[in-house]
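The structure appears below as structure tokens.
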Amino acid sequence: MNKKQVHILVVDDEFGIREGCKRALSEDGYQVDSANDGSAGLQKINKRSYDLILVDLMMPGINGLKLIKKVQKIDSEIILIVITGYATIESAIEATKSGAYDYLPKPFTPDDLRTVVKRGLEKRNLRLEALQLYKEREQRLLELTNEKSRLQTIIRCMADGVLVINLQGQLVLWNVSAVKMLHLTGTDKSGLSLEHYIKNKSVIKSLKQILDSQDSDCSMMTREIEVDKKGSVLMAKIAPILDKKNRILGTVTVLSDITKLKEIDKIKSQFVSMVAHEIRAPLAAIEGWLEVVLSDESREDNTQNKKWLNRAKERSHALLDLVNDLLTINRMEAGKIAQKMETVKISDIINKIVEFLMPEAQKKNISFKIHIPKDLAVIQADKADMEKLFTNLINNAIKYNKKNGKIIITVKKDESYITTRIEDTGVGISSKNIQHIFDDFFRVEDETTEKISGTGLGLTIAKRIVDSHLGKIEVKSELGKGSVFSIFLPYSPKKKKRM
């Protein structure tokens, strides 16, 4: 081992010992670092690798024995040599049990130090050589594994199901994934007919179609297979196994579970259909009002034209809100909205939003009652998300409230959560609809809400914001009497100092 490539660390709380060891070993060409206690030494060990460490037993904080145990967990091949002025048989035995290689009592001469370090580095060289030989031996053993074992291991570990069928229609090779996907039975025996293992007739038919073809040009066949009544769907890729003369010897089938992909595709189709439906209505309305303005009916009546254009503007604003909400949800699902976590006061957020929305509430003569304790704890949250969350909920409490109604906002804390309760005296939600209110585009449609505008995505966004902050949102409502939304946001309570 080249001395310039050897890195040694001296951990001792005595300045003279540290500097003496460093000087003596540096003169011999070693790279030497030092630390004045166990904590500083551990920091250096975590930052770089060392070949040998000289450790003093008696140090403040992390003593030598504790440091030795920690180093052993980091790298058991590092040579540890104990240096101390309190040398006893007991301490030597304990240090050796903990992983120390040798023991050097104080005071010692530079030659004593060089001797024990040289002996320790020779030991490290032997350890590293032995480790290298062990790795080479393991590599050779791995390379000597025969092809059949390697193939079986690979197939057994595959997430996709694999079936190999011979020309006689017998199952000769399979893996655990195939057993689970096709609910295979009788796999304790091999070499039996397909019907003994596979109960799905579609699979058997597809496999036999290739086996019976005797066509050397027969290519891979892809089939979707419904496995059971629960809706599980597999994608089966079946290919012939050919010999050197292109004669079919059997088939290999790879099965992939595409149930979730089919569900996602279905949800995607439903979502596109739903979005198209939601966008079509405001676009049709905008087009209708513009046609009226452009028609002969408008004539020179600027007042009426302005009225129609304002209606078109209202519908375009609703359409823009819908697009913005869709983009927000899309970014949330894609994880592209970066949260800026900071200290947030819920009381400041709520008071700011109530003040902003007060003109809308006054149009319906709705009054606010806000109960927030002065000593309310702060939370770590994204401020913009919190503003969006409470704007959606308080705005809904206004929109779906009755004239001369009330909104009561109560904030309290317990051991784990800051709980915000937003109660209104509005139209309420039926038990049939309440389970769907957080779904995309869901809006209660009856005579009490038909004139209230909205995208149907506000509560969806609110729930995703709460979920992203590891909180929860609950709703209780009674038709005709109002609703209560409860938002639970986690916070870290300050621990009381012990006397």
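Computed over heavy atoms, backbone and side chain alike; hydrogens, waters and symmetry mates excluded. Here the structure is a predicted model, which is why all the values come from computation and not from measurement.
- Put simply, the side chain of Arg124 does not reach to within 4.5 Å of the side chain of Tyr101, judged on heavy atoms.
- The side-chain contact (heavy atoms from CB on, under 4.5 Å) test with Val162 singles out one residue from Leu255, Asn175, Leu173, and that residue is Asn175.
- Distance check: Lys69 NZ to Ser98 OG gives 4.5 Å after rounding to the nearest 0.5 Å.
- Rounding to the nearest 0.5 Å places CE of Met58 at 13.5 Å from CD1 of Ile83.
- Pairing each heavy atom of Met386 with each of Ala381, the nearest pair is CG-CB, 3.8 Å.
- Residues meeting the ring pair (Phe, Tyr, Trp, His ring centres under 6.0 Å) test with Tyr197, sequence neighbours left out: Trp174.
- Applying the side chain to side chain contact (heavy atoms under 4.5 Å, CB included) rule to Lys369 yields the partners His371, Lys406, Ile408; only residues at least two apart in sequence or on another chain are considered.
- Here the closest heavy-atom approach between residue Ile429 and residue Ser477 is recorded as N-OG, 2.7 Å.
- Across Ile350, Val484, Thr410, Ile394, a single residue satisfies side-chain contact (heavy atoms from CB on, under 4.5 Å) together with Ile422, and that is Ile394.
- Phe390 does not carry Lys352 over the face of its six-membered ring by the limits of under 6.0 Å from the centre and within 45° of the normal.
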Notebook entry, point to check: side chain to side chain contact (heavy atoms under 4.5 Å, CB included) between Ile8 and Val6: does it pass, once the steps are laid out?
Noted result: CA-CA 7 Å; Ile8 297 174; Val6 175; 4.0 Å; yes
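- Salt bridge present: Arg114 and Asp111 bring a charged side-chain N and a carboxylate O closer than 4.0 Å.
- In this structure, a donor-acceptor pair under 3.5 Å is absent between the side chains of Ser39 and Asp37.
- Applying side-chain contact (heavy atoms from CB on, under 4.5 Å) to Leu389 and the options Thr420, Val466, Ile353, Ile349 leaves one that passes, Val466.
- Two residues are said to be in side-chain contact when any heavy atoms from C-beta on lie closer than 4.5 Å; Glu136 and Leu133 meet this criterion.
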- Task: Any chance you could lay out the side chain to side chain contact (heavy atoms under 4.5 Å, CB included) test for Phe368 and Ile398, step after step, and finish with the verdict?
- Result: CA-CA 10 Å; Phe368 279 92; Ile398 295 171; 4.1 Å; yes
Enumerate donor-acceptor pairs with a distance under 3.5 Å from any side-chain N or O in residues 13-21 to protein atoms, sequence neighbours excluded.
unit_1, atom_1, unit_2, atom_2, d
Glu14, OE2, Lys106, NZ, 3.2
Arg18, NH1, Asp12, O, 2.8

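- With hydrogens and angles ignored, the 3.5 Å screen pairs a side-chain donor or acceptor of Ser468 with a backbone N or O of Ile465.
- Counting all heavy atoms, side chain and backbone alike, Ser177 lies closest to Asp160 at CB-O, 3.6 Å.
- One finds a salt bridge joining Glu423 and Arg421 here, because a Lys/Arg side-chain nitrogen approaches an Asp/Glu carboxylate oxygen to under 4.0 Å.
- Between the CE atom of Met235 and the CG atom of Leu261 there is a distance of 9.0 Å, given to the nearest 0.5 Å.
- What you find for Leu163 and Ala178 is that their closest heavy atoms are CD2-CB, 3.7 Å.
- For the side chain to side chain donor-acceptor pair (under 3.5 Å) test with Asp467, the passing option among His469, Arg464, Lys463 is Lys463; the others fail.
- Scanning all heavy atoms of the two residues, the minimum distance from Thr259 to Val233 falls at OG1-N, 2.9 Å.
- Looking at Ile79 and Arg127, their side chains come closer than 4.5 Å, going by heavy atoms from C-beta outward.
- Across Ser347 and Leu376, no two heavy atoms sit closer than the pair N-CD2, 4.4 Å.
- You'll find the side chain of Ile407 reaches within 4.5 Å of the side chain of Ile409, heavy atoms only.
- Put simply, the side chain of Leu52 does not reach to within 4.5 Å of the side chain of Tyr30, judged on heavy atoms.
- Between Leu234 and Leu182 there is a side-chain heavy-atom pair separated by less than 4.5 Å.
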Show your working on side chain to side chain contact (heavy atoms under 4.5 Å, CB included) between Gln72 and Leu80 and close with a plain yes or no.
CA-CA 9 Å; Gln72 285 289 299; Leu80 293 154; 3.4 Å; yes
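- Looking only at atom types and distance, the side chain of Asp112 has a donor-acceptor partner in the side chain of Thr109 under 3.5 Å away.
- The shortest distance between side-chain heavy atoms of Leu459 and Val475 does not fall below 4.5 Å.
- Thr419 contributes atom OG1, which lies 12.0 Å from atom NZ of Lys413 (distance to the nearest 0.5 angstrom).
- Here Asn396 contributes atom CG and Asp424 contributes atom CG; the two are 9.0 Å apart, rounded to the nearest 0.5 Å.
- Side-chain N or O atoms of Asn63 include none that pairs as donor or acceptor with a backbone N or O of Leu57 at under 3.5 Å.
- Comment: Lys44 does not engage Asp33 in a salt bridge, judged by the lack of any side-chain N to carboxylate O separation of less than 4.0 angstrom.
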What do the steps show when you test Thr253 against Lys237 for side chain to side chain contact (heavy atoms under 4.5 Å, CB included), and what is the final call? CA-CA 6 Å; Thr253 303; Lys237 296 180 180 179; over 6 Å; no
